[in-house]
Peer 1: 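Structure incoming, see below.
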Amino acid sequence: QVQLVESGGGLVQPGGSLRLSCAASGRTDSIYAMGWLRQAPGKEREFVAAITRSSVSTNYADSVKGRFIISRDNAKNTVYLQMNSLKPEDTAVYYCAAKESNYIYELGYHYWGQGTQVTVSS
């Protein structure tokens, strides 16, 4: 089994930045692709970004391209989401996810974190 724990959420003003972290533990050798998804109040959960195990390939939702950067440190079993130029519409609970496949262009995640709240407001 794999456990994922997010951190780094909080309140930030529009135009500001935040970095989310997600630490994996347990059977981390079974993890390949990792990703971030988010869910705003009253909305469906949506894909944000994903990264392959070797970090060679990444995939982003159009709404965050050019503003968010996903990265990972396999030595620390941690994936990050650097969020810049934040907008009020980025307000959501952000979830870390991992899967036993390296394909980053579809969902199908096997493991999920508990989520961390990001609020963008003045």
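Remember, predicted model here, so these are calculated numbers, not experimental data.
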Peer 1: For the CE atom of Met34 and the CD1 atom of Ile70, what is their distance to the nearest 0.5 Å?
Peer 2: 8.0 Å
Peer 1: Is the distance between the ring centroids of Tyr111 and Tyr109 under 6.0 Å?
Peer 2: no
Peer 1: Is Met83 close to Leu20 at the side-chain level, that is, under 4.5 Å between some pair of heavy atoms?
Peer 2: yes
Peer 1: The test is side-chain contact (heavy atoms from CB on, under 4.5 Å); show your working for Tyr94 and Leu81 and say whether it passes.
Peer 2: CA-CA 10 Å; Tyr94 283 70; Leu81 186 68; 4.2 Å; yes
Peer 1: Measuring only between side-chain heavy atoms, which start at C-beta, is Val79 closer than 4.5 Å to Glu6?
Peer 2: no
Peer 1: Between Ser17 and Asn84, is there a side-chain donor-acceptor contact under 3.5 Å, judged purely by atom types and distance?
Peer 2: yes
Peer 1: Please find the pair of heavy atoms, one from Gln39 and one from Lys43, that lie closest to each other, and give the distance.
Peer 2: NE2-O, 3.1 Å
Peer 1: Please, which pairs that meet salt bridge (charged side-chain N to carboxylate O under 4.0 Å, His left out) have at least one residue in residues 7-31, sequence neighbours excluded?
Peer 2: none
Peer 1: Would you compute the distance between atom CD1 of Ile51 and atom CD1 of Ile69 and round it to the nearest 0.5 angstrom?
Peer 2: 10.5 Å
Peer 1: Scan for side-chain hydrogen bond (donor to acceptor under 3.5 Å, both in side chains) pairs involving residues 49-61, sequence neighbours excluded, and state none if there are none.
Peer 2: none
Peer 1: Start with the C-alpha distance between Leu107 and Leu37, add both sets of side-chain angles, then the distance that settles side-chain contact (heavy atoms from CB on, under 4.5 Å), and finish with yes or no.
Peer 2: CA-CA 10 Å; Leu107 299 181; Leu37 296 90; 3.9 Å; yes
Peer 1: For Arg67, check side-chain hydrogen bond (donor to acceptor under 3.5 Å, both in side chains) against everything at least two apart and list the hits.
Peer 2: Asp90
Peer 1: Please walk me through it: do Val2 and His110 pass side-chain contact (heavy atoms from CB on, under 4.5 Å)?
Peer 2: CA-CA 9 Å; Val2 172; His110 300 99; over 6 Å; no
Peer 1: Distance from Ile31 atom CD1 to Ser101 atom OG, nearest 0.5 Å?
Peer 2: 13.0 Å
Peer 1: For a 4.5 angstrom cut-off between non-hydrogen side-chain atoms, does Tyr95 reach Cys22?
Peer 2: no
Peer 1: Identify, with sequence neighbours excluded, every residue that meets side-chain hydrogen bond (donor to acceptor under 3.5 Å, both in side chains) alongside Asp62.
Peer 2: Lys65
Peer 1: Search all heavy atoms of Leu18 against all heavy atoms of Gly8 and return the closest pair with its distance.
Peer 2: CD2-O, 3.8 Å
Peer 1: With a 4.5 Å heavy-atom cut-off, do Val118 and Val93 have their side chains touching?
Peer 2: no
Peer 1: Not counting sequence neighbours, which residues clear side-chain contact (heavy atoms from CB on, under 4.5 Å) with Ser71? List them please.
Peer 2: Tyr80
Peer 1: Looking at side-chain heavy atoms only, is the closest gap between Val64 and Arg38 below 4.5 Å?
Peer 2: yes
Peer 1: If we ignore hydrogens and angles and just use 3.5 Å, is the side chain of Thr28 paired with the main-chain N or O of Ser25 as donor and acceptor?
Peer 2: no
Peer 1: Are Ser7 and Thr116 close enough that some pair of their side-chain heavy atoms sits under 4.5 Å apart?
Peer 2: no
Peer 1: Would you check if Val48 and Phe68 make a side-chain contact, meaning some heavy-atom pair closer than 4.5 Å?
Peer 2: yes
Peer 1: Taking all non-hydrogen atoms of both residues into account, name the closest pair between Thr78 and Ser21 and its distance.
Peer 2: CG2-CB, 4.4 Å
Peer 1: Would you sort out whether Trp112 and Cys96 count as a side-chain contact (heavy atoms from CB on, under 4.5 Å), showing the intermediate values?
Peer 2: CA-CA 6 Å; Trp112 294 85; Cys96 172; over 6 Å; no
Peer 1: Does a side-chain heavy-atom distance below 4.5 Å link Thr119 with Val12?
Peer 2: no
Peer 1: What's the shortest heavy-atom distance between Leu4 and Ala98, and which atoms?
Peer 2: CD1-N, 3.8 Å
Peer 1: Under the salt bridge (charged side-chain N to carboxylate O under 4.0 Å, His left out) definition, can you give me all pairs with a residue in residues 96-121, not counting sequence neighbours?
Peer 2: none
Peer 1: How close do Ser121 and Pro14 get, counting heavy atoms only, and between which atoms?
Peer 2: C-CD, 3.6 Å
